[in-house]
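Only heavy atoms go into these numbers, but all of them, side chains included; no hydrogens, no water, no symmetry mates. In this text the structure is predicted, and so the values were computed from the model without any measurement.
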Amino acid sequence: MRVLAAMSGGVDSAVAAARAVDAGHDVVGVHLALSETPDALRSGSRGCCSREDAGDARRAADVLGIPFYVWDFAARFREDVVDDFVAAYAAGQTPNPCLRCNEKIKFAALLDKALALGFDAVCTGHYARLVGGELRRAVDADKDQSYVLAVLTPHQLAHAMFPIGDTPKAEVRAEAAARGLRVADKPDSHDICFIPSGDTRAFLGARLGVRPGAVVDSATGAELARHDGVHGFTVGQRKGLGVQAPAADGRPRYVLGIEPASGTVTVGPATELDVRTIEGERPVWSAGAAPGSRFDCVAQVRAHGGTATAVAEPTTDGLRVELGEPLRGVAPGQAVALYRPDAAGDVVLGSATITATGR
């Protein structure tokens, strides 16, 4: 089988490519140049798009003895991931750029090009498993990335390979060292790859400008502070609210809701963050169709954590999820991923983009 190995320059994708070679596949390595200004990105553990990362990927490919190329996807990445990220925040949402990158870049633009060139599959270093065509959680629960892969269609899953999903991270690093890969001890990337400074508010502010509005109390409607734009807030946020006086009961305030048209950010107690219903749009079903007109599942609303038993129901407009127990800090723009509610609870059923929540 001809396999295109996406090599980010990190240890996970390097070991994934090595395992594809060991399995007897005809493997070609490719590094995706996603930044239009790679020299401006900080090296080290922030980001995965710098020239340093491309060099690390090339050296790993040399050790493995496979051909290696760098493909320029910067324009597509800016349009489908960066611009989408900025627009979502401007609309008062909280997007997940890693999920969008998997959906639009690695398993759309990259996979389409790979198939057109005669490759059979794209191999990545994601921590997830494919078993009998089903997408499953990784063995290493702390590193599991099935949530950000739940947007993949059956066609995309049929042409995907996740060779390290059955291995804990510590063992992946040990294997990389044994293979002589210099990235064995390279730190994991953190934060958002296209915001190397880690300052999301400053990144958004530079692109959206000042859009003043009010921070108001949920109980009284009183204005508590002014702000420069709703892009500086997300549902569930506690710090950086700009509110000077404490709440009457002395407890912390959290962002409960964001209204981009008026620029109003509503804050209140943590208890008001509890939601029991989730509405979603653009559902994607891992098996090609929903398991039923109404079915039990486990819902997850963040990449790590935020799970609850649930009943899901496809609707004419998308998806409705009724939670068995409340979840906190669920924001529009995030994804809700659904898992099979069996003892293992590791099979992905599908996902949708959250549009609204209810108490």
Looking only at heavy atoms, which two atoms of [X] and [Y] are closest? And how far apart?
X      : Y      : value
Thr167 : Val172 : CG2-CG2, 3.8 Å
Met7   : Ala14  : CE-CA, 4.3 Å
Gln300 : Ala303 : NE2-O, 3.2 Å
Val235 : Pro332 : CG2-CD, 4.5 Å

Are the side chains of [X] and [Y] in touch, meaning some heavy atoms are under 4.5 Å apart?
X      : Y      : value
Asp120 : Val3   : no
Ser351 : Tyr147 : no
Leu152 : Leu135 : no
Tyr254 : Gln237 : no
Val151 : Leu149 : no
Leu323 : Thr277 : no
Leu241 : Val255 : yes
Leu224 : Arg253 : yes

Arg282 versus Thr353, side-chain donor and acceptor atoms under 3.5 Å: yes
Derivation and outcome, side-chain contact (heavy atoms from CB on, under 4.5 Å), residues Asp80 and Phe73: CA-CA 10 Å; Asp80 288 342; Phe73 277 69; over 6 Å; no
Aromatic ring proximity Phe203/Phe194, centre distance under 6.0 Å: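 Between Phe203 and Phe194, the centre distance is under 6.0 Å.
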Intermediate values then yes/no, salt bridge (Lys or Arg N to Asp or Glu O under 4.0 Å), Glu322 and Arg294: CA-CA 10 Å; Glu322 299 171 4; Arg294 185 174 170 85; 3.0 Å; yes
Enumerate, atom names and distances included, each donor-acceptor pair closer than 3.5 Å involving a side-chain atom of residues 99-109, sequence neighbours excluded.
from, atom 1, to, atom 2, distance (Å)
Arg100, NE, Asp84, OD2, 3.4
Arg100, NH1, Glu103, OE1, 2.4
Asn102, OD1, His126, NE2, 3.0
Asn102, ND2, Cys98, O, 3.2
Asn102, ND2, Val148, O, 3.1

Can you tell me how far [atom2] of [Y] sits from [atom1] of [X], rounded to the nearest 0.5 angstrom?
X      : Y      : atom1 : atom2 : answer
Lys186 : Ser8   : NZ    : OG    : 7.0 Å
Leu64  : Leu181 : CG    : CG    : 5.5 Å
Thr307 : Leu338 : OG1   : CG    : 12.0 Å
Leu34  : Asp53  : CG    : CG    : 10.0 Å
Leu32  : Leu110 : CG    : CG    : 5.0 Å
His231 : Thr234 : NE2   : OG1   : 13.0 Å

So that I can tick it off, tell me whether [Y] and [X] are bridged by a salt bridge, with the cut-off set at under 4.0 angstrom between side-chain N and carboxylate O.
X      : Y      : value
Arg359 : Asp274 : no
Arg19  : Asp22  : no
Glu272 : Arg328 : no
Glu175 : Arg173 : no
Asp62  : Arg182 : no
Asp166 : Arg129 : no

Over 12 non-hydrogen atoms of neighbours within 6.0 angstrom of CD in Gln244: no
Asp342 CG: over 12 foreign heavy atoms closer than 6.0 Å: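 Correct, the count exceeds 12.
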Members besides Val311 in its Ile/Leu/Val/Met/Phe/Trp/Tyr cluster (side-chain heavy atoms under 4.5 Å): none
Partner set under ring pair (Phe, Tyr, Trp, His ring centres under 6.0 Å) for Tyr89, not counting sequence neighbours: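 Ring pair (Phe, Tyr, Trp, His ring centres under 6.0 Å) list for Tyr89, sorted by chain: Phe85.
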Partners passing ring pair (Phe, Tyr, Trp, His ring centres under 6.0 Å) against His155 (at least two apart in sequence or in another chain): His159
Six-ring centre of Tyr339, Arg137 cation under 6.0 angstrom, axis tolerance 45°: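 Cation-pi check for Arg137 and Tyr339: passes.
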Would you say [X]'s side chain and [Y]'s backbone share a donor-acceptor pair under 3.5 angstrom?
X      : Y      : result
Gln156 : Thr153 : yes
His227 : Gly263 : yes
Glu325 : Thr309 : yes
Arg302 : Val336 : no

Of Asp140, Asp144, Asp188, the residue whose pairing with Lys169 passes salt bridge (charged side-chain N to carboxylate O under 4.0 Å, His left out):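 The single option meeting the salt bridge (charged side-chain N to carboxylate O under 4.0 Å, His left out) with Lys169 is Asp188.
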side-chain hydrogen bond (donor to acceptor under 3.5 Å, both in side chains) assessment of Thr357 paired with Glu279: CA-CA 6 Å; Thr357 62; Glu279 304 287 341; over 6 Å; no
Pair Val70-Val30, side-chain contact (heavy atoms from CB on, under 4.5 Å): steps then yes or no: CA-CA 5 Å; Val70 175; Val30 62; over 6 Å; no
Test log, rule side-chain contact (heavy atoms from CB on, under 4.5 Å), inputs Leu115 and Leu117: CA-CA 5 Å; Leu115 295 177; Leu117 291 173; over 6 Å; no
Pairwise side-chain hydrogen bond (donor to acceptor under 3.5 Å, both in side chains) hits with a residue in residues 256-266, at least two apart: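 Matches after skipping sequence neighbours: Ser262-Thr264.
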Trace of the side-chain contact (heavy atoms from CB on, under 4.5 Å) decision for Glu313 with Leu319: CA-CA 6 Å; Glu313 180 180 4; Leu319 178 70; 5.8 Å; no
Partners passing salt bridge (Lys or Arg N to Asp or Glu O under 4.0 Å) against Arg2 (at least two apart in sequence or in another chain): Asp26
